[in-house]
Amino acid sequence: MDTFASLITEWFSVNKRPLPWRDVAGWYPVFLSEYLLQQTQVRQAIPYYLNIFARFPDISTLAAADEADIIRLWRGLGYYNRARNLLKAAQIIESGFNGQFPPYLKEALTLPGIGDYTAAAILSIAFNQPYPVVDGNVLRVVMRFMTWPEDIRQGQTKLKVRRFLQDIIPVEKPGDFNEALMELGATVCKPKNPSCIRCPLSGLCLAKKQDQTTVIPFKSPPPPKQKRFQLACIYRNSKGWLLAQRPATGLLPAMWEFPLRELGSLHELEHLAGGQRILKHSYSHIDLYYSYIIIHDPSDLPELKNYQQTAMLGTEELLDKAIHKAHLKIIEQLDLIYCFSAAENTKN
DNA sequence: AATTCGGGGGT
DNA sequence: ACCCCAGAATT
């Protein structure tokens, strides 16, 4: 009979995208991919997955990795604590769980970087256990299907969706059910302009029937973004470029950058930048406006005390460091650009 | 419950 | 510009 579960799993069996971590043996590909996929679209995660999997093809090699190597492979993807937690979890699995992922929800949730979603994803996909996943895609599909008006920013709403799915997730193929729901949300039941014509649920979907797909799911507006203004100070001598490593906690933990001077306003930034172009970089909660100047005396830099360490780096060493995106944009504008584009392999 | 964690892509 | 993304950890 045509139930919610049978409709989407049958749809999935036909429309399943081939992905590098799909239909391969063992839990390790699922484990690795789920860290990469947190708040990250499939298309963006794929090249990172291929690079990391090629370098660390199993849990043992990953557990033995240097953190700096993981971070470098992660460079440009964002949310860098995912990479540190991935390594920590791999070490715990290797040493505390005999190299096997713990096939129980309670134990899985103790691993760093694994929360409700990731635990359910790994246990259902790789271990065939009936835990429903509730990510942004699933939330959207179910809220529309039921025409539920609740705010999806509220934690209660996620709980309500999980309870709904817990009762209908098939015990035979819980992983396919979960993947089907997410894939439907990503490719058909999109946030804007959903392709209801291609949707296996369109006959039963209440938001479709009531023409509510533009207003459901409802999401309350986020808090306004903070604006910040920064000037990067670039110093170069015969030994190389002056770079600094950020603190291990907070924004962009332990990432490298040109020493930064924090400013108070866009006006001040435009004044000090001296005609140099103003760049913009947006984070989840910050809009950053910044530029850079060339300095000739590094003793003018009291802000160096804000960093873990500093180093004079030749061009090759510079490109080997985990430099975050805002300053990669600066490097593109310097005469490093030729060497940089040759070494940068993560974009396309 | 709210805030803090990136960066790319769609509209 | 604004929104979203196979969310987790911290406060």
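Residue numbers start from 1 in every chain, and the chains themselves are labelled A, B, ... in the order their sequence lines are given, proteins ahead of strands.
Between the P atom of B:dT3 and the CG atom of A:N81 lies a distance of 20 Å, rounded to the nearest Å. Nucleotide C:dT10 holds its P atom 13 Å from the CZ atom of A:R84, rounded to whole Å. Taking atom CD on A:Q154 and atom C1' on B:dT3, their separation rounds to 14 Å, with Å as the unit. Rounded to an integer number of Å, the gap from OH of A:Y131 to P of C:dG7 is 20 Å. Residue A:Q41 contributes atom CD, which lies 5 Å from atom C1' of C:dC5 at whole-angstrom precision. A straight line from NZ of A:K192 to C1' of C:dA1 spans 10 Å, rounded to a whole angstrom. Counting to the nearest Å, the C1' atom of B:dC5 and the CG atom of A:N85 are 11 Å from each other. Between the P atom of B:dT4 and the CD1 atom of A:I286 lies a distance of 8 Å, rounded to the nearest Å.
Look at A:K219 and A:D151 and you find no salt bridge, because none of the NZ, NE, NH1 or NH2 atoms lies under 4.0 Å from a carboxylate O. A salt bridge does not link A:K239 to A:E317: none of the charged nitrogens lies less than 4.0 Å from a carboxylate oxygen.
When the C1' atom is used for both B:dC5 and C:dC5, the distance is 15 Å, rounded to whole Å. Rounded to a whole angstrom, the distance from the C1' atom of B:dG6 to that of C:dC3 is 15 Å. Separation of the P atoms belonging to B:dG8 and C:dA8 is 22 Å when rounded to the nearest angstrom.
In this structure, A:Q38 and A:K219 both approach DNA chain C, and ranking their closest nucleotides by distance from the 5' end singles out A:K219. Positionally, the nearest nucleotide of DNA chain B for A:Q39 lies more toward the 5' end than for the other of A:K190 and A:Q39. Mapping A:N193 and A:T40 onto DNA chain B by nearest heavy atom places A:T40 closer to the 5' end of the strand.
For C:dC5, one of the phosphate oxygens OP1 or OP2 lies less than 4.0 angstrom from a side-chain nitrogen or oxygen of A:R140. For A:Y80, a side-chain nitrogen or oxygen approaches OP1 or OP2 of B:dG7 to under 4.0 Å. In terms of phosphate contacts, A:R43 brings a side-chain nitrogen or oxygen within less than 4.0 Å of OP1 or OP2 of B:dG10.
Nucleic acid contact for A:G185: none, since no nucleic acid atom lies under 4.0 Å from a heavy atom of the residue. Looking at heavy-atom distances under 4.0 Å, A:L77 makes contact with a base. Residue contacts shown for A:S33 are absent, as no nucleic acid heavy atom lies under 4.0 Å away. If you check every strand for non-hydrogen atoms under 4.0 Å, A:R22 touches a base. At the heavy-atom level, A:Q156 lies under 4.0 Å from the strands shown only through sugar-phosphate atoms. Backbone-only engagement by A:D116 is indicated by non-hydrogen atom pairs under 4.0 Å involving sugar-phosphate atoms exclusively. Residue A:Y283 is in sugar-phosphate contact alone, with no base atom involved, counting any heavy-atom pair closer than 4.0 Å across all strands shown. Nucleic acid contact for A:L288: none, since no nucleic acid atom lies under 4.0 Å from a heavy atom of the residue.
For A:F164 and A:W148, the ring centers are positioned less than 6.0 Å apart. Ring to ring, A:W21 and A:Y49 are close: their centroids are under 6.0 angstrom apart. Residues A:Y290 and A:F229 keep their aromatic ring centres 6.0 Å or farther apart. A ring-centre distance under 6.0 Å is not found for A:Y283 and A:H285.
Residues A:E257 and A:Y307 bring a donor and an acceptor atom of their side chains to less than 3.5 Å of each other.
Evaluation of atom-type donor-acceptor distances gives a pair under 3.5 Å for the side chain of A:S284 against the base of B:dG6. Remark: the A:Y79 side chain and the B:dG6 base include a donor-acceptor N/O pair separated by less than 3.5 Å.
Listed candidates were C:dA6, C:dA1, B:dC5. Nearest to the side chain of A:H285 is B:dC5. The side chain of A:T118 lies closest to C:dA8, out of C:dA8, B:dT4, C:dA6.
Across all strands shown, B:dG6 forms no Watson-Crick or G-U wobble pair with both distances under 3.5 Å.
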